[in-house]
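Shown next, in structure tokens, is the structure this report addresses.
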Amino acid sequence: VQLQASGGGLVQAGDSLRLSCAASGRTSRIYAMGWFRQAPGKEREFVAAISWDATKTNYVDSVKGRFTISRDNAKNLVYLQMNGLKPEDTAAYYCAGSSKWGRSSSEYGYWGQGTQVTVSS
């Protein structure tokens, strides 16, 4: 399974961005897709996850009501719509795939490269 994240950029506080993650290969192995982020000097943090059939979603409290995770299985794409961005959202964002449901990065065996999101105040 290969994952390719894109869509990051430099925005101002309050702006929106949509990240995309393209999956290829044996995607049938993936049950959940997640987004994680890592700011300089900090540990990687869970942001959001979605099950393969989109019946389950989960968010870290700090992004609830601002971020929305979705997926298009026909196109093997997962999105993270980020609205109301704040400077504290600045981080490298990673998409990841797991064969099970969870929030821990250790449960995700497939990782894409990071895409940088920088939010200026």
| message | For Trp111 and Tyr94, take the angle between the two ring planes, folded into 0 to 90°, and tell me which bin it lands in: parallel under 30, tilted 30 to 60, perpendicular over 60. | response | perpendicular
- prompt: Would Val47 and Val11 show up in the same hydrophobic cluster when neighbours are defined by side-chain heavy atoms closer than 4.5 Å?
  reply: yes
Closest non-hydrogen contact found for Gly102 with Phe46 is O-CE1, 4.2 Å
Interatomic distance, CZ@Arg103 vs CD@Glu45, rounded to 0.5 Å, equals 9.0 Å
| Taking C-beta and beyond as the side chain, do Leu85 and Gln12 meet within less than 4.5 Å on heavy atoms? | no
Output for pair (Arg71 CZ, Cys21 SG), nearest 0.5 Å, gives 9.5 Å
Per side-chain contact (heavy atoms from CB on, under 4.5 Å), Cys95 is matched among Thr115, Leu3, Ile69, Val78 by Leu3
Nearest heavy-atom approach of Leu17 to Val117 is CD1-CG1, 4.0 Å
In this structure, CZ of Arg29 is separated from OG of Ser99 (nearest 0.5 Å) by 10.0 Å
One should read off an interatomic distance between Asn73 CG and Ile30 CD1, to the nearest 0.5 angstrom, of 10.0 Å
Closest non-hydrogen atoms of Arg37 and Ser62, given as atom of the first, atom of the second and distance, are NH2-OG, 3.4 Å
In short, Gly97 meets Met33 closest at the heavy-atom pair CA-SD, 3.7 Å
Between the NZ atom in Lys64 and the OG1 atom in Thr57, the distance rounded to the nearest 0.5 Å is 9.5 Å
CH2 of Trp52 to CH2 of Trp101, rounded to nearest 0.5 Å, is 13.5 Å
Hydrophobic clusters here meaning ILVMFWY residues chained together by side-chain heavy-atom distances under 4.5 Å, can you tell me if Leu80 and Val119 are in one? yes
Closest heavy-atom pair, Ala39 versus Ala91, reported as atoms and distance to 0.1 Å, is N-CB, 3.8 Å
For the pair Tyr108 and Phe36, name the ring-plane relationship: parallel under 30°, tilted 30 to 60°, perpendicular over 60°.
perpendicular
Only residue of Val63, Leu19, Thr68 satisfying side-chain contact (heavy atoms from CB on, under 4.5 Å) with Met82 is Leu19
Of all heavy-atom pairs linking Gly84 and Asp89, the shortest is O-OD2, 4.4 Å
- Heavy atoms, side chains only, cut-off 4.5 Å: are Lys56 and Tyr31 in contact? yes
